[in-house]
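Report on the structure given below.
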Amino acid sequence: MDLHSEKIQRIFSKYKFHDVAVEELQKIHRIYPEMLPSTGTYTFSDSTQKDLLKLIGNVPVKYGGHSYNIPIQLWLMNSFPFTPPICLLRPTSNMVIREGKHVDKEGRLHLPGLHNWDYPKSTVVALLTEMISKFEEDPPLSSKTTADNKDPHELLAFVSNLKINDGGRKHDQQNIKVSVIGGGDLGMSSVMSILSKCKVDKLVFIDVAESSTKGGSTDLEIFSLPKVEVSKDFSASAGSRVIVVTANSWSSEQSYASVVQTNVDMFRGIIPSLAQLSPNAVMIIASQPVDIMTHVAWRQSCLPPTHVIGAGCNLDSVRLSHILDINLNTHKPAWVIGELSDNKVAVMSKTGLSSNVPPEIAAGSSSTKPLLDRAFEMMKNHGQRSWSVGLSIADITNTILTNKMKTHSVSTLAQGWGGIGAEVFLSLPCIMGTNGSTRLAGVSLGQEEDSKLRESVTSLSNLMSQIRI
């Protein structure tokens with residue numbers, strides 16, 4: 001790969017890990033020689049600009065018995081390869097972008113490999129291989145219509161209805177197992193709520209010895225509830241569809257970071273084993289602080305980010321929608337997003353409660369803000385009691401088990417949403433089902449809401465930098 005032009009050298013000299021980046025680029029050239037380096041000015045979502053190196057080329061894709069070259073460009077951040085590239089389609093004048101699971105309307109690609117980026121385990125070569133695989137399942141571009149072509153809507157409908165394997169995980173329909181890890185009030189509330197709300201064949205309850213929130217396992221054994229297995233062995237959770245973690249381990253340390261570290265240390269002895277025993281499970285984290293502990297669980301589990309979520313702001317979101325619907329006669333879903341703290345903010349859906357149209361977040365506006373503020377005020381005294389959080393967890397669990405594809409505001413990897421560049425977990429509206437979570441597209445928020453979200457990103461990033469995962 002030729003990196004010797006004056007313009008490339010001028011920009012490339014500012015890269016933090018220049019020598020490592022050169023090695024990575026040479027590896028790319030050996031496998032994908034058609035990806036050529038260039039330079040350009042990238043404009044970020046906050047309108048700031050930066051001169052960066054980019055790779056431009058085509059990736060070969062086979063679809064419907066034919067071969068196609070999909071034009072792409074990869075913008076390399078100045079901390080490359082320790083941060084993932086920004087990947088975009090580069091459609092020609094006779095192509096249109098097909099928005100889908102991995103492609104937004106602007107042509108930006110959102111792949112698992114980007115969300116899970118962890119150099120040196122993650123490489124651009126592996127990313128391009130994944131990209132080709134995803135494009136062969138669901139082509140990201142189609143041809144514009146001409147007088148000789150069919151109606152493009154018919155063509156897209158035909159392509160959408162092709163029976164292509166979506167890469168989803170298959171489950172044994174005969175054995176629906178859910179595991180709850182951690183005792184105390186929240187653990188017990190989760191057990192009772194899941195038994196009431198969900199159709200399960202077995203619910204495993206494991207009381208963690210290191211947890212500060214112990215209790216309940218003895219009573220469950222004494223009263224011998226149907227379908228409930230009480231155990232102290234993590235192996236009893238093997239094959240679970242959903243794993244709910246409510247365990248907390250609080251210490252007497254003085255600093256907040258030290259208190260959180262105690263919980264992180266406990267997770268280190270729990271999460272990897274749970275993930276290994278149930279690699280297809282969706283984990284719901286309810287331990288506190290939920291956004292941090294969900295982030296920690298994702299890192300420790302090595303599961304996709306779509307399969308590790310936190311209970312987050314789901315309870316607040318359900319309450320908010322109820323108040324808007326019943327008390328304020330506004331029949332649209334609403335969600336509470338952001339950090340589970342005073343910085344959380346409310347957003348509303350574009351569509352009504354009974355609409356069959358896929359949900360979308362409405363952009364912040366002066367017309368909806370007073371209504372959401374009023375509903376928020378009415379929620380203030382409701383609190384986050386164990387039994388209400390347990391009901392919220394059961395609702396998410398039911399959506400996953402029944403593949404309901406319902407939208408919940410859960411703590412999820414927020415990187416890339418609404419211009420968020422940091423690796424943090426925040427509550428965002430996600431469509432939930434058997435295969436985990438899919439975030440709704442980001443939107444422009446009001447100035448106050450955006451400021452709160454950015455403040456949370458900074459504080460969560462700071463705390464994550466202080467703990468040892």
Side-chain angles (χ1 to χ4, degrees), residues 1-3 5 8 11-12 15-40 42 52-92 95-142 159 164-168 302-306 413 415-416 421 423 438:
M1 182 175 286
D2 184 10
L3 301 171
S5 78
I8 288 178
I11 293 175
F12 202 23
Y15 275 54
K16 298 176 184 176
F17 309 102
H18 179 276
D19 293 345
V20 182
V22 169
E23 289 181 17
E24 181 68 12
L25 289 169
Q26 296 300 350
K27 290 176 188 175
I28 297 166
H29 181 67
R30 284 196 291 272
I31 307 298
Y32 293 99
E34 67 281 1
M35 296 299 296
L36 301 176
S38 179
T39 60
Y42 185 80
L52 295 171
L53 192 68
K54 61 181 177 178
L55 297 177
I56 296 176
N58 300 325
V59 290
V61 170
K62 292 182 179 179
Y63 183 76
H66 300 280
S67 296
Y68 301 93
N69 287 318
I70 304 295
I72 61 167
Q73 59 182 337
L74 277 57
W75 289 89
L76 308 180
M77 300 297 103
N78 62 3
S79 51
F80 174 80
F82 290 92
T83 52
I86 294 173
C87 303
L88 300 165
L89 293 171
R90 204 168 40 89
T92 59
M95 295 177 178
V96 291
I97 293 168
R98 295 185 62 242
E99 190 177 354
K101 183 177 180 182
H102 301 295
V103 184
D104 66 22
K105 62 183 178 182
E106 305 298 330
R108 183 164 177 174
L109 305 179
H110 303 276
L111 299 167
L114 291 170
H115 287 301
N116 299 330
W117 190 271
D118 184 16
Y119 183 82
K121 288 189 264 184
S122 302
T123 65
V124 171
V125 170
L127 183 67
L128 291 171
T129 303
E130 179 189 35
M131 195 180 293
I132 292 168
S133 173
K134 297 299 182 186
F135 289 173
E136 289 179 344
E137 293 173 5
D138 188 14
L141 297 170
S142 62
V159 173
I164 304 172
N165 179 7
D166 66 356
C302 297
L303 293 174
T306 53
L413 182 62
Q415 191 174 36
E423 183 191 289
T438 302

Is there a side-chain contact between Thr123 and Pro81 in this structure, where contact means two heavy atoms from C-beta onward sitting under 4.5 Å apart?
no
Measuring only between side-chain heavy atoms, which start at C-beta, is Phe17 closer than 4.5 Å to Thr83?
no
Between Glu130 and Pro112, is any pair of side-chain heavy atoms under 4.5 Å apart?
yes
Do Ile31 and Thr129 have side chains that approach each other closer than 4.5 Å (heavy atoms only, starting at C-beta)?
no
Any idea which heavy atoms bring Glu423 and Leu413 closest together, and the distance?
CG-CD1, 3.8 Å
For residues Pro60 and Asn69, report the shortest heavy-atom separation together with the two atoms involved.
CA-OD1, 4.0 Å
Minimum side-chain heavy-atom gap Val20-Pro120 below 4.5 Å:
no
For the atom pair OG (Ser133) and CG (Leu128), what is the distance rounded to the nearest 0.5 Å?
12.5 Å
From Phe80 atom CZ to Trp75 atom CH2, the distance as rounded to the nearest 0.5 Å
14.5 Å
Check whether any side-chain N or O of Arg90 sits under 3.5 Å from a backbone N or O of Gly107 as a donor-acceptor pair, and report yes or no.
no
Specify the closest pair of heavy atoms between Val103 and Ile97, including all atoms of both residues, with the distance to one decimal.
CG1-CG2, 3.8 Å
Less than 4.5 Å apart, any side-chain heavy atom of Met131 and any of Leu111?
yes
Below 4.5 Å, heavy atoms only, C-beta onward: do Ile86 and Leu52 meet side chain to side chain?
no
For a quick test of reading the model, state the closest non-hydrogen atom pair linking Ile70 to Phe135 and the distance between them.
CG2-CE1, 3.8 Å
Could you verify whether a donor N or O on one side chain and an acceptor N or O on the other, from Asp104 and His110, lie under 3.5 Å apart?
yes
In terms of ring plane angle, is the pair Phe82 and Tyr119 parallel, tilted or perpendicular, where the classes change at 30° and 60°?
perpendicular
Walk me through it: do Tyr15 and Val22 pass the test side-chain contact (heavy atoms from CB on, under 4.5 Å)?
CA-CA 10 Å; Tyr15 275 54; Val22 169; over 6 Å; no
For Ser38 and Ile56, the nearest pair of non-hydrogen atoms, with its separation, is CB-CD1, 4.2 Å
Thr39 to Lys54 - nearest heavy-atom pair and separation:
O-CE, 3.6 Å
With side-chain contact (heavy atoms from CB on, under 4.5 Å) as the test, would you mind laying out the steps for His102 and Asp138 before giving the verdict?
CA-CA 9 Å; His102 301 295; Asp138 188 14; over 6 Å; no
Taking C-beta and beyond as the side chain, do Leu25 and Leu55 meet within less than 4.5 Å on heavy atoms?
yes
Test side-chain contact (heavy atoms from CB on, under 4.5 Å) applied to Leu141 and Val96, step by step:
CA-CA 6 Å; Leu141 297 170; Val96 291; over 6 Å; no
Interatomic distance, CD1@Ile11 vs OG@Ser5, rounded to 0.5 Å, equals 8.5 Å
N/O donor-acceptor pair under 3.5 Å between Arg98 side chain and Pro139 backbone
yes
I'd like to know whether Tyr32 forms a side-chain contact (heavy atoms from CB on, under 4.5 Å) with Ile132, so could you lay out the CA-CA distance, the side-chain angles of the two residues, the decisive distance to 0.1 Å, and finally the verdict.
CA-CA 12 Å; Tyr32 293 99; Ile132 292 168; 3.8 Å; yes
Would the distance check show the side chain of Gln73 and the main-chain N or O of Leu88 forming a donor-acceptor pair, the cut-off being under 3.5 Å?
no
